[in-house]
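Before any comments, here is the structure.
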Amino acid sequence: MNVRKFTANTSREALRMLRDALGADAVILSNKTVNGKVEIMAMAEESVPEYAPVEKPRSIAPEVARLTPAFPAESARSFSPRSFAPEPEAEAVRPLITRPSVASPVSSANAAASSELHDVMSEIRSMRSMLESQLAELSWSATQQKQPHKAEVLREMLATGLSASLSRYLISKLPEGDSVQNGVEWVKSVLARNLMTIDNESEILEKGGVYALVGPTGVGKTTTTAKLAARCVMRHGPSQLALITTDGYRIGGYEQLRIYGKILGVMVHAVKDESDLRIALSELKNKHTVLIDTVGVSQRDKMVTEQVAMLSGSGSQVKRLLCLNATSTGETLSEVVRAYQGGGLAGCILTKLDEAATIGGALDIAIRQRLALYYVASGQRVPEDLHVANKQYLIDRAFKLKRETAAFRYLDEELPLIMAGAVQGRSAAGMAKEVSLG
């Protein structure tokens with residue numbers, strides 16, 4: 001691939017070097033600042049069709065019709081040098097192609113041209129995506145040959161259930177070395193630094209307050225509520241605890257919690273709407289702790305919004321704890337978190353830990369969404385099978401469990417494809433905002 005790099009003290013000087021070497025029609029792939037200097041990656045125009053041939057539409061300007069490949073979002077800029085106007089030295093290069101202003105009125109006479117431009121821009125974005133994937137695949141193949149230990153560390157991470165985007169980002173930051181074990185230990189340390197957990201149960205048991213357990217159907221909210229209730233009773237006695245259920249939909253939902261409440265000596269209050277909940281919380285305001293068991297709602301159901309509104313409008317400060325099923329895929333958990341996020345989401349509880357083949361996906365979501373992990377539930381026994389989250393234990397368990405699924409580990413020839421697919425996920429800049437290395 002005839003990609004050349006030009007480094008200079010200023011962007012103007014770098015562009016002059018580029019024009020002298022490749023001509024005015026060169027295609028610039030990226031520009032960025034490295035160690036105080038401007039670095040531009042470019043290729044000659046005649047080299048572009050070799051990777052992504054395109055036919056220039058007749059109805060648009062030549063500059064728009066030019067193929068504009070790009071690298072990951074944090075450094076991607078595509079333009080033609082001859083379109084440059086003189087700029088101050090400190091300013092970064094601006095993209096040639098800009099989106100039409102949304103605020104500008106489009107007359108009926110220009111509607112067809114606007115639609116055509118939109119189609120062209122969509123095609124360009126599609127080609128960008130394709131080229132990014134291809135370049136990422138080539139780049140990883142080269143890395144795999146030069147630094148084989150990175151491939152092994154990547155395979156370990158993917159086997160735990162960690163997402164390809166997080167794995168790719170951490171591999172790109174992996175310190176130099178030739179030891180797979182040292183690489184895995186470094187990854188574990190970064191994950192532990194970013195996984196937020198509570199130090200002890202005082203966050204709930206001593207401070208008290210109103211907590212609502214929310215989440216999709218079948219994640220174990222009622223059983224987890226009973227486990228928390230038993231711990232509160234053991235610490236403060238049954239008189240300081242109140243239980244509320246909003247589960248009037250599921251057959252036996254109220255009855256299940258009522259049986260637990262009877263065993264603990266705690267009355268269970270059933271509410272149907274925001275008005276009932278407001279009255280119940282007002283009557284129970286002298287209780288040290290109030291636990292609310294909510295009805296399970298699919299993350300794609302509009303009732304999620306209604307449920308959040310009911311809890312927020314209850315007149316009390318209700319802290320929501322999101323129950324995440326450890327057996328679910330990372331994509332499903334990500335969708336659940338997005339649906340249930342919002343003001344009042346205090347953290348999460350990881351359920352069904354004993355049933356999960358891998359737990360890296362759940363830890364990945366907690367890290368990238370910055371969710372505090374309160375408890376992990378690993379069985380049906382009340383209250384024994386509920387434990388305060390221990391970040392080091394969970395991360396070690398994630399890497400230990402992957403040994404049991406070794407038959408499903410990726411082959412060497414599959415890793416470049418995984419890395420190419422990860423380019424379509426979060427950019428390195430976005431990932432850097434979610435995960436701290438230091």
Side-chain angles (χ1 to χ4, degrees), residues 153-172 184 187-197 214-221 224 298-300 321-341 345 347-379 387 389-410 414-415 417-426 430-431 433-436:
V153 174
L154 174 64
R155 191 180 290 106
E156 295 278 311
M157 295 175 66
L158 294 174
T160 69
L162 292 171
S163 67
S165 56
L166 177 58
S167 300
R168 177 175 179 268
Y169 176 71
L170 293 183
I171 285 295
S172 70
V184 171
V187 169
K188 286 183 178 181
S189 68
V190 173
L191 296 177
R193 192 157 46 243
N194 287 273
L195 182 60
M196 296 187 297
T197 58
V214 299
T217 56
V219 296
K221 292 186 299 297
T224 304
S298 167
Q299 67 272 17
R300 300 177 183 178
L321 294 177
L322 178 59
C323 292
L324 296 176
N325 187 343
T327 65
S328 297
T329 64
E331 291 80 2
T332 300
L333 293 177
S334 181
E335 192 177 73
V336 169
V337 173
R338 286 197 301 270
Y340 280 89
Q341 261 181 339
L345 186 60
C348 63
I349 297 175
L350 194 58
T351 65
K352 301 184 183 294
L353 194 68
D354 56 317
E355 300 177 18
T358 60
I359 62 172
L363 300 183
D364 183 297
I365 295 301
I367 289 172
R368 292 196 285 116
Q369 297 294 337
R370 299 188 181 279
L371 279 177
L373 186 54
Y374 278 59
Y375 290 96
V376 293
S378 58
H387 312 278
N390 182 311
K391 63 175 69 178
Q392 197 59 58
Y393 166 78
L394 289 172
I395 292 170
D396 288 340
R397 180 182 175 89
F399 280 85
K400 180 181 179 181
L401 282 175
K402 55 89 183 169
R403 297 180 193 144
E404 301 172 8
T405 57
F408 303 98
R409 299 179 71 190
Y410 292 102
E414 295 174 325
L415 293 180
L417 298 175
I418 298 296
M419 291 298 96
V423 172
Q424 308 304 321
R426 297 173 185 268
M431 192 65 69
K433 294 179 181 179
E434 298 173 354
V435 181
S436 171

The criterion is side-chain contact (heavy atoms from CB on, under 4.5 Å); which residues satisfy it with [X], sequence neighbours excluded?
X      : result
Ser172 : Tyr169
Asn390 : Gln392, Tyr393
Ala362 : Leu333, Leu350

Distance-only polar pair, side chains of Asp364 and Ser163, donor-acceptor under 3.5 Å: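 Yes - a donor-acceptor pair under 3.5 Å links their side chains.
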
Considering all heavy atoms, the nearest [X]-[Y] contact:
X      : Y      : value
Val435 : Arg370 : N-NH2, 4.3 Å
Gly330 : Ile365 : O-CD1, 3.7 Å
Ala356 : Ala326 : CB-O, 3.6 Å

Are the side chains of [Y] and [X] in contact, using a 4.5 Å heavy-atom criterion?
X      : Y      : value
Ile171 : Val153 : yes
Thr160 : Ile395 : no
Leu353 : Thr327 : no
Leu373 : Met196 : no
Pro216 : Val336 : yes
Leu322 : Gln341 : no

Drop me the distance from [X]'s [atom1] to [Y]'s [atom2], to the nearest 0.5 angstrom.
X      : Y      : atom1 : atom2 : value
Lys391 : Asp396 : NZ    : CG    : 13.0 Å
Leu324 : Cys348 : CG    : SG    : 5.0 Å
Thr358 : Leu158 : OG1   : CG    : 11.5 Å
Leu321 : Lys221 : CG    : NZ    : 12.5 Å
Gln369 : Leu345 : CD    : CG    : 10.0 Å
Leu162 : Arg368 : CG    : CZ    : 9.5 Å

Whether [X] side chain and [Y] backbone form a donor-acceptor pair below 3.5 Å:
X      : Y      : result
Thr351 : Val219 : yes
Lys352 : Asn325 : no
Thr332 : Ser328 : no

Residues forming a side-chain hydrogen bond (donor to acceptor under 3.5 Å, both in side chains) with [X], sequence neighbours excluded:
X      : value
Gln299 : Glu335
Tyr374 : none
Asn194 : none
Glu331 : none

side-chain contact (heavy atoms from CB on, under 4.5 Å) partner of Lys188, the single match among Val184, Val190, Leu191: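 So, applying the side-chain contact (heavy atoms from CB on, under 4.5 Å) to Lys188 and each of Val184, Val190, Leu191, only Val184 qualifies.
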
What pairs with Asp354 under salt bridge (Lys or Arg N to Asp or Glu O under 4.0 Å), at least two apart in sequence or on another chain?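 So Asp354 forms no salt bridge (Lys or Arg N to Asp or Glu O under 4.0 Å) with any residue.
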
Using the side-chain contact (heavy atoms from CB on, under 4.5 Å) rule, take Leu394 and Val376 through it: C-alpha gap first, then chi angles, then the decisive distance, then the call. CA-CA 9 Å; Leu394 289 172; Val376 293; 4.0 Å; yes

